[in-house]
Amino acid sequence: KFRCHTEKTCHLLDAGNGAVWTGPPPTFTVQKVASKKRCSGGPGAFESADWAANTGSKVRNSDFDSAGFKKWAEVAWEKCLQEVISTKHVTVFDTAKFRCHTEKTCRLLDAGNGAVWTGPPPTFTVQKVASKKRCSGGPGAFESADWAAATGSKVRNS
């Protein structure tokens, strides 16, 4: 079983059966696949509201090659990974709205107001912070079912 925490600081509590691990935020590079296109919707896709990837004023941007639009794509990619970790492609629209797609292959459809971006899966390294401890719960924490992180037999490992 594991818990994911979003707090900047982990407040350690005693827990004889756990350990706390941390790592830097994932790193990634996005690349534009196509302009004036969008991926078809599909299972597991997430759609944001308008301006969700916006980092400045709310002005439509249909210059898909601009630095501002690429920034929207980077923000959208990061938010997609937070919503759906298995994101493979992101469609970003001229209103900073985005869709997260989990399909291995993006089936491109015409969309004059969007561009499709892709990137590699995030990479990161974890390191142990404390043994026999756990972070206190808090807003944004997720808890898995028992054995969700098991890769082999279900034998308790302490």
Side-chain angles (χ1 to χ4, degrees), residues 1-8 10 19-128 135 137-155 157:
K1 177 188 276 193
F2 61 89
R3 287 186 182 151
C4 303
H5 297 274
T6 58
E7 301 87 5
K8 286 184 181 179
C10 169
V20 176
W21 296 75
T22 190
T27 58
F28 54 87
T29 304
V30 295
Q31 295 179 328
K32 187 171 59 160
V33 174
S35 294
K36 297 188 177 185
K37 299 284 184 184
R38 66 179 175 86
C39 289
S40 61
F46 169 83
E47 185 171 335
S48 78
D50 285 342
W51 310 115
N54 186 32
T55 57
S57 62
K58 293 181 178 177
V59 176
R60 284 181 180 261
N61 181 359
S62 31
D63 181 358
F64 305 120
D65 294 318
S66 70
F69 203 93
K70 184 173 184 187
K71 181 65 179 168
W72 284 0
E74 290 170 349
V75 169
W77 188 265
E78 184 174 348
K79 288 184 177 190
C80 280
L81 291 176
Q82 292 170 2
E83 291 292 333
V84 185
I85 191 67
S86 58
T87 294
K88 306 279 188 291
H89 307 280
V90 175
T91 302
V92 182
F93 295 92
D94 62 357
T95 57
K97 172 181 174 175
F98 60 89
R99 291 183 183 153
C100 314
H101 303 280
T102 58
E103 302 84 10
K104 195 177 281 187
T105 303
C106 169
R107 198 181 72 172
L108 293 172
L109 302 175
D110 288 336
N113 64 338
V116 176
W117 298 74
T118 191
T123 58
F124 54 91
T125 305
V126 296
Q127 61 188 46
K128 187 162 60 168
C135 289
F142 167 80
E143 185 168 338
S144 75
D146 285 341
W147 308 111
T151 56
S153 62
K154 295 180 179 178
V155 176
N157 183 1

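Starting from 1, each residue takes its place in the sequence as its number.
The shortest distance between side-chain heavy atoms of E74 and W117 does not fall below 4.5 Å. Proximity of C106 to T118: side-chain heavy atoms (C-beta onward) are nowhere separated by under 4.5 Å. Annotation: side chain of D110 is in contact with side chain of K37 (closest heavy-atom distance under 4.5 Å). Residues F69 and D63 fail the side-chain proximity criterion, which asks for heavy atoms closer than 4.5 Å.
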Exercise. Just do the side chain to side chain contact (heavy atoms under 4.5 Å, CB included) check on R99 and V90 with the steps written out, would you?
Key: CA-CA 6 Å; R99 291 183 183 153; V90 175; over 6 Å; no
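Note: N54 CG to K71 NZ = 11.5 Å, rounded to the nearest 0.5 Å. Interatomic distance, Q31 CD to W77 CH2, rounded to the nearest 0.5 Å: 10.0 Å.
The two residues F64 and G112 make their nearest non-hydrogen contact at CZ-O, 3.7 Å. When all heavy atoms of T55 and W72 are compared, the pair lying nearest together is N-NE1, 4.1 Å. Listed here is the closest heavy atom pair of G68 and N61: C-ND2, 4.0 Å. Taking all atoms of both residues into account, the shortest heavy-atom contact from A115 to K32 is CB-CD, 4.4 Å.
Applying the salt bridge (Lys or Arg N to Asp or Glu O under 4.0 Å) test to pairs two or more places apart or on separate chains, none has a residue in residues 82-93.
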Would you list the atom pairs, donor with acceptor, under 3.5 Å between side chains in residues 91-98 and any protein atom, with sequence neighbours excluded?
| unit_1 | atom_1 | unit_2 | atom_2 | d |
| --- | --- | --- | --- | --- |
| T91 | OG1 | C39 | N | 3.1 |
| T91 | OG1 | H101 | NE2 | 3.1 |
| D94 | OD1 | R60 | NH1 | 3.0 |
| D94 | OD2 | R60 | NH1 | 3.2 |
| T95 | OG1 | D50 | OD1 | 2.9 |
| K97 | NZ | E47 | OE2 | 2.7 |

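By the salt bridge (charged side-chain N to carboxylate O under 4.0 Å, His left out) test, K79 is found to be paired with no residue, residues two or more places apart in sequence or in another chain being considered.
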